[in-house]
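Only one structure is covered here, and it is reproduced in the block below.
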Amino acid sequence: MGQLSLNIATPDQHATALHPRGIGMVTIARKEQGRWKQGHYRIDQLPEVVRMLGGEPDVFISQNRFYGSRLVSRLAQLDALFADLDYYRIAEYHRHTPEQIYGLALEYLDDAGIPRPTLAIGTGRGVALVWLHNPVPRQALPRWMACQKHIFQILSPLGADSKALDAARVLRLVGTTNNTVNRPVRALNRLTEAPWDFDTLADEVLPVTRAEIHSLSIERSLRRQLRTHRPPKQFNAATLWEGRLAELQALRKYRHERGQLPHGQRDAWLFLAGVAMSWLAPPTAMQRELYGLARQVAGWDDYESRSRMQAVIDRARKAGQGETVEWRGQRVDARYHFKDSTMVDWLAITTEEMEQLGFKHLAHDSIKQTRKREKDKTYRQQRRRQRGAKSRSDYEKHAEARRTQAVDLRERGLTWQQVAETMGISLGAAKMLGSRSRSQKVTGPSPCMVA
């Protein structure tokens with residue numbers, strides 16, 4: 001991490017520090033008369049937009065970026081880990097200042113071996129801690145969520161907010177005012193470190209490896225349902241469902257460019273997308289996420305969304321409380337489990353769509369096996385080349401050069417025995433090179449020599 005020194009004092013300085021580059025839209029949210037008003041802006045628009053908000057009451061900014069609506073299902077890039085410490089809810093800290101709470105937080109983090117935050121913000125009644133990192137795509141969401149949960153557990157004695165774990169959360173903007181207590185939102189430290197590399201930061205934060213993020217019982221359950229070999233180390237329930245959600249969204253866009261699904265296709269798609277979100281978003285954010293997605297995709301109001309999606313939300317809450325359900329005589333995670341083939345059948349995905357969109361999950365077994373064979377072939381070629389085997393084109397160039405050398409030596413008057421000794425090969429090999437040269441016939445190389 002490179003050294004720098006920046007005092008974050010104004011809304012535009014805060015916004016630029018959070019979102020220096022990347023894709024997607026930043027959300028600026030304001031709370032007016034108990035209702036939320038939100039705007040979504042490109043990074044190049046952001047400084048000018050927030051510059052006018054200095055001193056304004058109750059202004060919030062998203063820590064990550066989205067393709068339009070501020071929903072995890074619309075997440076474009078992740079930029080920061082964060083924690084929101086509502087220490088005012090804890091009696092013993094009522095009279096503490098934000099600086100004192102920040103100092104206590106550093107002690108908790110140091111004891112747990114977690115890096116110190118790059119930015120600390122006094123929010124008027126609480127303290128927000130932010131770990132900036134390089135932009136990463138939504139595929140990193142499972143590991144990002146694991147980091148969020150671990151930081152929350154470490155800082156829970158200081159009032160860490162369990163509702164401020166999801167990637168779509170907004171936090172107060174520096175240079176504005178917390179209208180509830182009429183106090184300014186201000187930075188508590190100078191920004192002295194460049195953003196982390198996300199994988200490096202995650203390795204520092206997490207006390208376990210990627211393979212241990214989810215319990216082994218969940219992984220065993222998934223293996224039974226999917227009937228596959230043991231998953232690779234980085235594979236877990238969340239990464240599986242993130243991949244499925246990406247394919248669900250690609251399917252929706254492919255079938256209906258305008259975004260809203262027609263009648264007859266909404267229920268199945270939204271239910272499966274909701275199940276995917278239950279594995280990717282904390283239970284406290286599920287209702288907002290699913291209602292927002294249903295409003296966007298199907299035009300449902302909150303009442304209709306509740307009647308159709310409540311089962312998914314309830315299952316997510318049960319899982320969040322550690323409850324399990326019985327499945328084939330085993331106790332498994334309370335969230336819904338689906339086979340790829342079941343999802344394919346529900347959505348009537350055609351072979352053409354699978355191949356056109358390059359699906360890895362929502363595809364027939366025959367397509368998966370073909371892709372696996374192609375992937376294995378590529379892997380074997382790479383391994384052979386790492387061990388020194390030549391590609392076919394390189395081998396043929398080398399063979400032609402050897403033939404040319406043999407013929408040249410022979411034309412200079414050397415016997416075949418002398419050609420063989422000069423080239424360091426057997427007499428038979430030397431004569432074979434000469435024979436091939438005369439006939440201009442090139443036979444294929446030995447399979448063990450070609451990658």
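By convention here, the first residue in the shown sequence is residue 1.
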- salt bridge (charged side-chain N to carboxylate O under 4.0 Å, His left out) evaluation trace for E400 with R403: CA-CA 5 Å; E400 182 60 34; R403 284 192 293 273; 2.6 Å; yes
- Task: From the options T118, L132, L81, N134, select the one residue that forms a side chain to side chain contact (heavy atoms under 4.5 Å, CB included) with W196.
- Result: T118
[Y] and [X], any side-chain heavy atoms less than 4.5 Å apart:
{"X": "V59", "Y": "I28", "result": "yes"}
{"X": "V185", "Y": "L173", "result": "no"}
{"X": "L75", "Y": "L141", "result": "yes"}
{"X": "I114", "Y": "Y108", "result": "no"}
{"X": "D86", "Y": "D161", "result": "yes"}
{"X": "L109", "Y": "R116", "result": "no"}
{"X": "Y41", "Y": "M25", "result": "no"}
{"X": "D345", "Y": "K339", "result": "no"}

State the [atom1]-[atom2] distance between [X] and [Y], to the nearest 0.5 angstrom.
{"X": "L362", "Y": "M343", "atom1": "CG", "atom2": "CE", "value": "5.0 Å"}
{"X": "M286", "Y": "M277", "atom1": "CE", "atom2": "CE", "value": "6.5 Å"}
{"X": "F198", "Y": "D203", "atom1": "CZ", "atom2": "CG", "value": "9.0 Å"}
{"X": "T27", "Y": "L71", "atom1": "OG1", "atom2": "CG", "value": "9.0 Å"}
{"X": "R295", "Y": "S69", "atom1": "CZ", "atom2": "OG", "value": "8.5 Å"}
{"X": "E304", "Y": "Y291", "atom1": "CD", "atom2": "OH", "value": "11.5 Å"}

Shortest non-hydrogen contact between [X] and [Y], atoms and distance:
{"X": "A334", "Y": "E323", "value": "CB-O, 3.6 Å"}
{"X": "P135", "Y": "D79", "value": "CG-OD1, 3.7 Å"}
{"X": "L53", "Y": "R30", "value": "CD2-NH1, 3.8 Å"}
{"X": "L188", "Y": "G122", "value": "CG-N, 3.6 Å"}
{"X": "A17", "Y": "L191", "value": "CB-CD2, 3.9 Å"}
{"X": "G274", "Y": "M309", "value": "CA-CE, 4.2 Å"}

- Task: Would you sort out whether F66 and H40 count as a side-chain contact (heavy atoms from CB on, under 4.5 Å), showing the intermediate values?
- Result: CA-CA 9 Å; F66 307 84; H40 312 290; over 6 Å; no
Kindly say whether [Y] contributes a backbone atom to a donor-acceptor pair with the side chain of [X] at under 3.5 angstrom?
{"X": "N178", "Y": "T123", "value": "yes"}
{"X": "T177", "Y": "N179", "value": "no"}
{"X": "Q63", "Y": "I61", "value": "yes"}
{"X": "Q77", "Y": "P137", "value": "no"}
{"X": "E56", "Y": "T176", "value": "no"}
{"X": "E353", "Y": "T350", "value": "yes"}
{"X": "Q13", "Y": "A9", "value": "yes"}
{"X": "Q45", "Y": "R42", "value": "yes"}
{"X": "W241", "Y": "S278", "value": "no"}
{"X": "E247", "Y": "K360", "value": "yes"}

- Can you establish whether the number of heavy atoms outside E326 located under 6.0 Å from its atom CD is more than 12? yes
- Between W279 and R335, is there a cation-pi geometry (under 6.0 Å to ring centre, at most 45° from the normal)? yes
- Message: Tell me whether the NZ or CZ atom of R315 lies within the 45° cone about the ring axis of Y336 and under 6.0 Å from its centre.
- Response: yes
- Should V205 and I151 be marked as a side-chain contact (heavy atoms from CB on, under 4.5 Å) after you check the CA-CA gap, both sets of side-chain angles, and the distance that decides it? CA-CA 8 Å; V205 170; I151 291 173; 3.9 Å; yes
- Task: Check whether the ring centres of W36 and F60 lie less than 6.0 Å apart, and answer yes or no.
- Result: yes
- Task: May I ask you to check whether W346 and F338 place their ring centers less than 6.0 Å from one another?
- Result: yes
Do [X] and [Y] pair up side chain to side chain, a donor and an acceptor below 3.5 Å, judged on atom types alone?
{"X": "H19", "Y": "R65", "value": "yes"}
{"X": "Q249", "Y": "R244", "value": "no"}
{"X": "T10", "Y": "D12", "value": "yes"}

- Task: Please test F82 against Q148 for side-chain contact (heavy atoms from CB on, under 4.5 Å), starting from the C-alpha separation and ending with a verdict.
- Result: CA-CA 7 Å; F82 48 84; Q148 285 284 96; 3.5 Å; yes
- How far apart are the C-alpha atoms of L347 and L248, what are their side-chain angles, what is the distance that settles it, and do they pass the side-chain contact (heavy atoms from CB on, under 4.5 Å) test? CA-CA 9 Å; L347 298 170; L248 285 170; 3.4 Å; yes
- Query: Is K163 paired with D84 through a side-chain N to carboxylate O contact shorter than 4.0 Å?
  - Reply: no
- Looking at D267 and R308, does any basic side-chain N land under 4.0 Å from a carboxylate oxygen? yes
- Item | R51 vs E48, salt bridge (charged side-chain N to carboxylate O under 4.0 Å, His left out): CA-CA, chis, key distance, verdict | CA-CA 5 Å; R51 193 172 292 124; E48 188 64 31; 2.8 Å; yes
